[in-house]
Every structure is written in structure tokens, then in C-alpha cells.
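Excluded from the calculations below are hydrogen atoms, water molecules and symmetry mates; all remaining heavy atoms, backbone and side chain alike, are included. We number each residue from 1, following the sequence as shown.
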Amino acid sequence: MADKDLDLMLRAARDDTTPLGDGLRARILADAVPAAVAQAASGADRVRAWIGGLVGVPAAAVLGLWLGMAQPTVVLEFVPADVGVDTADAALMDEIFGTVWSEEDAG
């Protein structure tokens, strides 16, 4: 099926003004009501979502700090090897992490 054929079929469906039968309309509406009720969040669901956000965001921040400061080798495994480190940055990272950082190690 070509795009032109699909466009023609969609245009014909859009231009169709035949009303729906009563039985089909009733089935469509009956299917829509439970879906709408299921989507409506109760107050308890909203409270749980807020609590999850209030707990999850700080937990993610703490995990990020822990990975960056306490576990630099885990983070550095995923850093590309061609990232160069200049002398000032190497001295700073040596102070923070207590390891030797040089351009030879990075590349």
C-alpha cells in the first residue's frame, strides 16, 4: 500500500458522515467508562507519588555523590580513555582521590 492510497482511505473515512449505530455507540461508551475510572488517580495514589518523589530525588543525589566521591574507579570505567587531563586538574584529582592522574594514564 502506497502513502497515496493510505491518504485516500483516511480522507474517505474522515468525510464519512454516517452516524454510528446505537449498539456500537453503547459498546464504545461502555468500554470508555472503566478506562476513564482506572486513569483517575485517587488521593492516596497522589500522596504515594509525592512521597516517592520526595524520597527518590534526594536518594538519587546521595547515590550520585557517593559514586563520584567514594567510588571513582566505578565512574572512571565508563569515561572514555581519550579524555586528556591537564596538570592542574591532575593535581586537584590527586588531592581529592589520592591517586596518580597523568595524561599518560588518560590516553
### Task
Run the numbers on Ile28 and Arg25 for side chain to side chain contact (heavy atoms under 4.5 Å, CB included), then give the verdict.
CA-CA 5 Å; Ile28 290 172; Arg25 183 183 306 273; 5.8 Å; no
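- Val57 and Leu65 fall into different hydrophobic clusters, where Ile, Leu, Val, Met, Phe, Trp and Tyr residues are linked whenever their side-chain heavy atoms come under 4.5 Å apart, directly or through other members.
- With contacts defined as side-chain heavy-atom distances shorter than 4.5 Å, the pair Arg27/Leu24 qualifies.
- The two atoms that bring Gly53 and Pro58 nearest to each other are O-CD, 4.1 Å, heavy atoms only.
- Under the side-chain hydrogen bond (donor to acceptor under 3.5 Å, both in side chains) criterion, the residue pairs touching residues 2-16 are Asp16-Thr18, with sequence neighbours excluded.
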